[in-house]
Amino acid sequence: MTVDRRLAGRLAERGAGSDLEISTLLKEAGLDAVVDVLVDEILFRCDAPVNPVPVDIAMNVTHGSEQRRIVFRIARDRPIDVVDGDDTSIRREIGIGAVDLVRRLYGRTGQRRLGDFTDTFLPTRPADLAELPGILTSTNQASGTLFSGCTVPQDDLGKLSVAYGSDKWASFHWYTGHYEEQFARYRDQPVRLLEIGIGGFDGQLGGASLKMWKKYFHRGLIYGLDLFDKSALNQGRLTALTGDQSDPAALTAIAEEHGPFDIVIDDGSHENEHVRTSFDALFPYVRPGGLYVIEDMQTSYIPRCGGTAGPVAGPDTTVGLLKRLLDDIHHNEQEPRIAEAPTITQSQVVSVRVCRNIAFIEKGVNGENGIPGWMDDDAWVALGAIPPADS
Ligand SMILES: C[S@@+](CC[C@H](N)C(=O)[O-])C[C@H]1O[C@@H](n2cnc3c(N)ncnc32)[C@H](O)[C@@H]1O
């Protein structure tokens with residue numbers, strides 16, 4: 001099923017709005033197109049089925065006088081299918097309003113209502129009652145699976161990283177704890193996230209971290225950028241773009257079309273020069289309050305990646321860039337005071353958090369003037385903060 005990715009983005013944005021706002025979008029887009037997006041999202045979110053006996057569950061989604069019926073076939077070791085079930089195969093009938101389903105999927109955590117669906121359990125008597133115990137257990141399990149897809153996922157990033165096969169946790173790196181600390185405040189927001197480097201080796205398509213972000217940010221629009229065409233990964237709320245992170249014009253074109261971004265993550269080539277080029281091109285397209293993240297800074301110390309041999313990373317390395325940002329944050333404290341207009345990193349970098357091999361650069365207004373430039377030693381003496389020179 002191909003879904004309207006633009007509509008998926010609009011639903012994610014509108015999901016925390018009022019009933020009227022959601023309903024207006026539903027009318028505008030049409031129930032069929034909306035249900036296609038919602039089913040795609042549910043299938044993405046569902047836990048792996050565990051029921052040994054295949055179970056068909058019907059979901060009747062209504063909006064005003066319109067209704068759309070979807071039958072999910074759920075069985076262990078198989079992807080969940082949307083099928084044309086007949087009434088005797090249905091083990092459970094769920095009825096839900098489209099507005100409530102949109103809110104369940106794209107509302108803020110805790111925003112959904114309790115009691116937002118109707119439920120008929122085993123509407124038809126099984127032909128052979130000896131099968132009833134197995135059917136009952138499998139129906140319970142399949143229902144749990146379906147409802148895992150109809151809620152806001154709460155999994156932590158470490159678990160998601162391992163489940164999708166990213167190396168951001170429990171590999172050479174232990175990044176996801178740092179990500180959780182930094183990203184918690186965005187989790188409920190309709191963030192736009194761009195990650196450079198989609199991954200996938202040995203002919204694999206990759207996309208592990210993009211799927212991880214899509215699940216973590218249940219309202220997020222996730223963009224990936226890679227040298228190689230990975231557009232086969234495209235789905236609701238996830239877009240794979242092709243381009244070279246060392247090409248500033250390509251990065252600007254991408255950011256003009258899809259930005260500004262709340263979060264940019266550089267997990268691409270890790271060549272020091274590429275990291276700096278990408279930062280220069282994309283930091284202007286990070287929203288105020290957003291973050292620019294750089295992974296794998298160990299290449300600052302690897303000469304074949306443009307790093308410096310030895311214990312002090314040079315100015316052209318990623319660590320060198322971060323050291324410069326510390327000076328930029330303090331540009332208003334330096335003597336002599338800079339007369340010309342501050343650079344973008346001087347005026348808009350408000351914090352730099354460096355952890356092992358990963359850095360989080362926060363954008364905002366770095367506009368405090370600090371101690372006035374005229375506060376010379378005499379003024380400090382007058383304040384009694386330092387002793388007079390001849391004392
Ligand atoms: C470490 S993998 C990304 C892994 C992925 N982010 C994850 O966590 O699952 C690095 C990716 O960067 C891509 N890459 C390498 N050089 C690049 C460049 N110059 N521009 C864009 N992508 C590049 C590679 O093709 C590869 O897919």
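Order of listing sets the numbers, starting from 1, for every ligand and every atom in it.
Considering backbone and side-chain N/O of A208, none are found under 3.5 Å from N/O of ligand 1. For H270, no nitrogen or oxygen atom sits less than 3.5 Å from a nitrogen or oxygen atom of ligand 1, counting backbone and side chain alike. At under 3.5 Å, not a single nitrogen or oxygen of G200, backbone or side chain, sits near a nitrogen or oxygen of ligand 1. Taking only nitrogen or oxygen atoms, main chain and side chain alike, S246 does not reach within less than 3.5 Å of ligand 1. In terms of N/O distances under 3.5 Å, ligand 1 is approached by G199. Looking at K230 next to ligand 1, no N or O pair under 3.5 Å apart turns up.
The shortest distance between side-chain heavy atoms of W213 and Y164 does not fall below 4.5 Å.
The single protein non-hydrogen atom nearest to atom 26 (C) of ligand 1 is D226 OD2, 3.4 Å, given as residue, atom name and distance. Among protein heavy atoms, atom 20 (N) of ligand 1 sits closest to Q245 N, 2.9 Å.
Under 4.0 Å is where a charged nitrogen must lie from a carboxylate oxygen, and between R91 and D56 no such pair does.
For the pair R45 and F147, the cation does not sit on the ring face, since its NZ or CZ is not both under 6.0 Å from the ring centre and inside 45° of the axis.
For G268, the heavy-atom gap to ligand 1 drops under 4.0 angstrom. In this structure, G165 does not count as a contact residue of ligand 1, since none of its heavy atoms falls inside 4.0 Å of the ligand.
For the pair E131 (side chain) and P126 (backbone), a donor-acceptor distance under 3.5 Å is absent.
Relative orientation of the W174 and W169 rings is perpendicular, given thresholds of 30° and 60° on the angle between their planes.
The aromatic ring centroids of Y292 and F279 lie less than 6.0 Å from each other.
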